[in-house]
Structures are given as structure tokens and as C-alpha cells.
There are 2 protein chains.
Amino acid sequence: MKYSEAKEKYIHAWGTLGSSWGVNRTMAQIHALLMVSIEPLSTEEIMEELKISRGNANMNVRALMDWGLADKVLVAGERKEYFKADKDIMKIGVQVAKERKRRELDPIIKLLNEITVVDGDTAEVKEFRKVTKDLQKFAGQTESVLDLFIKSKDNWFFKILGKLR
Amino acid sequence: MKYSEAKEKYIHAWGTLGSSWGVNRTMAQIHALLMVSIEPLSTEEIMEELKISRGNANMNVRALMDWGLADKVLVAGERKEYFKADKDIMKIGVQVAKERKRRELDPIIKLLNEITVVDGDTAEVKEFRKVTKDLQKFAGQTESVLDLFIKSKDNWFFKILGKLR
DNA sequence: ATAAACTTTCAATAATACTTGAAAGTTCAA
DNA sequence: TTGAACTTTCAAGTATTATTGAAAGTTTAT
């Protein structure tokens with residue numbers, strides 16, 4: 001397969017995957033682009049490559065930096081800002097896990113803590129309490145796993161997987 | 001907290017969570033509703049409770065069944081269909097993992113297999129190959145973990161977690 | 001066969017999310 | 001200070017996705 005074709009497919013696919021992961025398409029595409037480029041890219045270059053506007057490029061590059069998935073790179077003697085992505089896939093995984101935990105799991109845990117103290121003792125309320133307590137437990141376990149993953153310096157996750165098989 | 005308030009918050013939150021998980025809001029809300037109700041619910045009851053149209057209720061109930069998260073229940077002597085959700089949170093987790101793997105991971109693995117055979121040996125192409133191979137490896141490992149999780153009869157995931165801490 | 005009870009479909013509409021591009025803001029060298 | 005080089009903002013426009021509701025389809029009892 002030709003490089004240009006492969007690159008295009010890859011960027012496109014990454015965008016699609018991103019959208020089913022709560023990350024918007026363009027942000028995922030910029031990330032994909034930075035992942036495979038050798039040199040850091042400027043906003044101009046990103047705009048050009050992905051055929052997007054300046055505003056869009058700017059917003060999504062900032063979002064990537066928010067997520068800890070891209071960094072500014074200053075080139076000596078240049079005013080322009082350049083951007084690069086970390087290419088270590090495990091680090092990316094950790095970053096994404098961290099962000100999603102913060103944005104999604106944490107609020108859910110907070111909510112569950114609030115609502116499991118619902119008053120009453122009708123069958124309905126008992127059932128509600130049972131279900132939400134189960135969810136709370138599950139959320140707690142998930143949190144523990146994610147915390148371990150996030151804090152892991154090396155790759156315990158897959159080391160364990162190796163032992164299991 | 002009053003039951004009605006707690007229930008409302010819970011359904012609302014579940015809907016929000018759902019949307020950042022690739023499941024649409026209404027589908028997640030119907031699921032939340034079925035999770036806490038003691039009896040199976042009819043389309044009418046779902047419409048009433050969530051203030052949604054018949055078409056919407058019907059479509060999303062079907063989607064839930066597609067995902068394996070809800071089942072039809074036939075009540076003797078009734079024409080109407082009723083629906084219930086499995087309340088075992090681990091089973092739900094497994095179902096969701098299964099569906100998402102099929103819809104998201106599988107296509108990515110397929111794509112990576114295609115594009116890692118890109119031809120050329122410029123620095124650019126070499127980098128591309130390196131990055132996509134890493135992704136391929138990561139995707140493969142993720143697949144293995146998911147498969148283990150999906151096939152697990154009991155809860156190995158958290159048993160191991162227990163041993164780790 | 002008919003009709004009542006119920007479910008499904010789908011074109012139109014509404015809601016949401018994304019993108020643009022030009023104007024405003026910032027920084028810095030001279 | 002000025003103005004050129006660059007970045008950020010945001011209102012308006014576009015695209016995408018979800019929802020409605022009425023009509024068409026299906027099933028079952030009689």
C-alpha cells in the first residue's frame with residue numbers, strides 16, 4: 001500500500017475511533033497526525049494537512065494539550081509554536097485513563113454517594129438502594145484498577161496478562 | 001433524599017454517562033430505568049416515565065436488546081411486550097465490553113493489519129510503520145484482556161486486583 | 001375475514017455538536 | 001510605541017445525530 005493512502009486511512013480511522021471514545025473527530029485526527037510525524041508541526045501545517053480552519057486547529061490542539069496528549073515545542077529563533085505528541089502508547093493509555101476517570105468516573109462516584117442515602121423502606125426504594133449500591137461497588141473497583149494503572153511506572157497490566165495465559 | 005429526586009438524578013446521570021460512552025442518552029436512560037424497577041416495564045410505561053415518544057422508546061428498547069442489555073418479557077394473558085434489564089453489574093460490564101470490542105476494536109485491528117504493510121523506506125515511512133506497529137501490539141494486548149474478561153465465568157479481574165494490593 | 005391491540009418505520013423536525021473565518025488579542029523586535 | 005507575526009475568541013453557519021408522531025405493518029381473538 002502507498003504511504004499516502006495508508007496515512008490517510010489511519011488518520012481517518014483514528015478520527016472515527018475518537019468519536020466513539022468521547023474525543024472529537026478533529027482532535028483525534030490531529031493526534032494521529034502528530035503521532036506519525038517525525039518533526040513537530042505548526043498550526044499552519046496541521047491546517048494544511050487536515051484541511052481545517054485556523055480556529056478549529058487552535059482549539060483542538062489546546063484540547064490535546066489539556067488531555068496531556070500533546071506538547072508545545074519552541075523552536076529557537078521562531079515565533080511560531082510547534083506541537084508534538086508523545087509516541088509511547090502506554091503513556092497515552094495512562095493519560096487517557098486519567099482524563100476519563102476524572103471527567104466521567106469521579107462525577108458518577110460522587111452522585112452515587114449522594115443518592116444511595118435515599119430514605120424510605122418500600123420495595124421500590126429497597127430495590128433502588130440495592131442497585132445503586134452495586135453500582136457504587138463496581139465503580140469503586142473500577143476506580144482502584146484505574147488508579148493502579150495510572151500510577152504504574154512500568155507495564156504491570158500486561159505482565160499479569162502474560163502470567164494468566 | 002427523597003426517592004423521586006434520587007431516581008431522577010440517577011437516570012439523568014446515567015444518560016449523561018452513556019453519551020460519553022458511545023451509547024445514546026435515551027438508551028442509557030431506559031437502561032437506568034429498567035435497572036431500578038422491580039417489575040418489567042411496557043413501552044407505554046417507559047414513554048410515560050421518561051417523557052419520550054413511542055418511536056423513540058421502541059427504537060431504543062430494541063437497541064438495548066441488540067446490546068444484550070435488556071430482554072423482552074411476555075406476561076401471560078397480555079398482548080403487550082414488557083422489558084427488563086439484567087441487574088448483575090458484572091454481566092452488564094461483560095456485555096458492554098463485548099459490544100464495544102466488536103464495534104470499535106475489531107475494525108481498528110483490521111485496519112492496522114492493512115496499513116502496517118505500507119511500502120517504502122524513507123524516514124517518514126519507517127516512522128509510520130513503527131507507530132502503527134506499536135498501536136497494533138497495543139490493540140492486540142487490549143483484545144486479549146477483553147477476551148479474558150468476556151469469557152470469565154466469575155470475576156477474575158477483581159480477584160487479581162485483590163492480590164495486587 | 002375482520003378489527004382491535006399492539007409494534008415498527010420513516011420523513012420531517014428539533015436539538016446538539018462541530019467548524020469557519022474574521023476580528024480582537026498578544027507578543028516582541030526594532 | 002509601533003506594527004508585523006502570531007494566537008485566541010466567538011458569533012454565525014454547517015453538519016450530525018436524536019426525536020417525534022402519524023401511517024403502515026403485524027399479530028391475535030373472535
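Lettering of chains follows the sequences in order, A, B, ..., and the numbering in each one begins at 1.
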For this session: Walk me through it: do Arg129(B) and Glu124(B) pass the test salt bridge (Lys or Arg N to Asp or Glu O under 4.0 Å)?
Result: CA-CA 9 Å; Arg129(B) 209 146 33 210; Glu124(B) 250 184 336; over 6 Å; no
SB check [X] [Y] (cutoff 4.0 Å):
{"X": "Glu127(A)", "Y": "Lys130(A)", "answer": "no"}
{"X": "Lys84(A)", "Y": "Glu39(A)", "answer": "no"}
{"X": "Lys87(B)", "Y": "Asp134(A)", "answer": "no"}
{"X": "Lys80(A)", "Y": "Glu44(A)", "answer": "no"}

Exercise. How long is the gap from NZ on Lys2(B) to CD on Glu8(B), to the nearest 0.5 Å?
Worked result: 9.5 Å
Exercise. Quick one: how far along DNA chain C does chain A reach, first to last nucleotide 5' to 3', anything under 4.0 Å to a heavy atom?
Worked result: dC18(C) to dC28(C)
Output the rounded distance in Å from [atom1] ([X]) to [atom2] ([N]).
{"X": "Arg62(A)", "N": "dC10(D)", "atom1": "CZ", "atom2": "P", "value": "10 Å"}
{"X": "Asn56(B)", "N": "dT17(D)", "atom1": "CG", "atom2": "P", "value": "16 Å"}
{"X": "Met47(B)", "N": "dT20(D)", "atom1": "CE", "atom2": "C1'", "value": "10 Å"}
{"X": "Ile52(B)", "N": "dA18(D)", "atom1": "CD1", "atom2": "C1'", "value": "11 Å"}
{"X": "Glu81(B)", "N": "dG25(D)", "atom1": "CD", "atom2": "P", "value": "19 Å"}
{"X": "Asn58(A)", "N": "dC10(D)", "atom1": "CG", "atom2": "P", "value": "12 Å"}

Exercise. DNA chain D: Glu78(A) or Asn60(B), which has the more 5' nearest nucleotide?
Worked result: Glu78(A)
For this session: Select base, sugar-phosphate, or nothing to describe what Arg54(A) touches, counting heavy atoms under 4.0 Å on all strands.
Result: base
Exercise. If you look at every strand shown and take non-hydrogen atoms under 4.0 Å, does Asn24(A) touch a base, only sugar-phosphate, or nothing?
Worked result: sugar-phosphate
Exercise. For DNA chain C, whose closest nucleotide is more 5', that of Arg79(A) or that of Gly55(A)?
Worked result: Gly55(A)
Problem set entry | Flag, side chain of Glu143(A) to backbone of Leu105(A), donor-acceptor distance under 3.5 Å |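 Not confirmed, Glu143(A) side chain does not pair with Leu105(A) backbone.
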Exercise. Can you tell me if Asn60(B) uses its side chain to pair, donor with acceptor, with the backbone of Ala63(B) under 3.5 Å?
Worked result: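 The answer is no, because no donor-acceptor pair under 3.5 Å joins these two groups.
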Exercise. Leu69(A) pairs by side-chain contact (heavy atoms from CB on, under 4.5 Å) with which of Val23(A), Leu64(A), Ile30(A)?
Worked result: Leu64(A)
For this session: Scan residues 25-41 of chain B against DNA chain D and write down, sorted by residue number, each residue with any heavy atom closer than 4.0 Å; if none is found, say none.
Result: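 The stretch gives Arg25(B), Thr26(B) as the residues lying under 4.0 Å from the strand, ordered by number.
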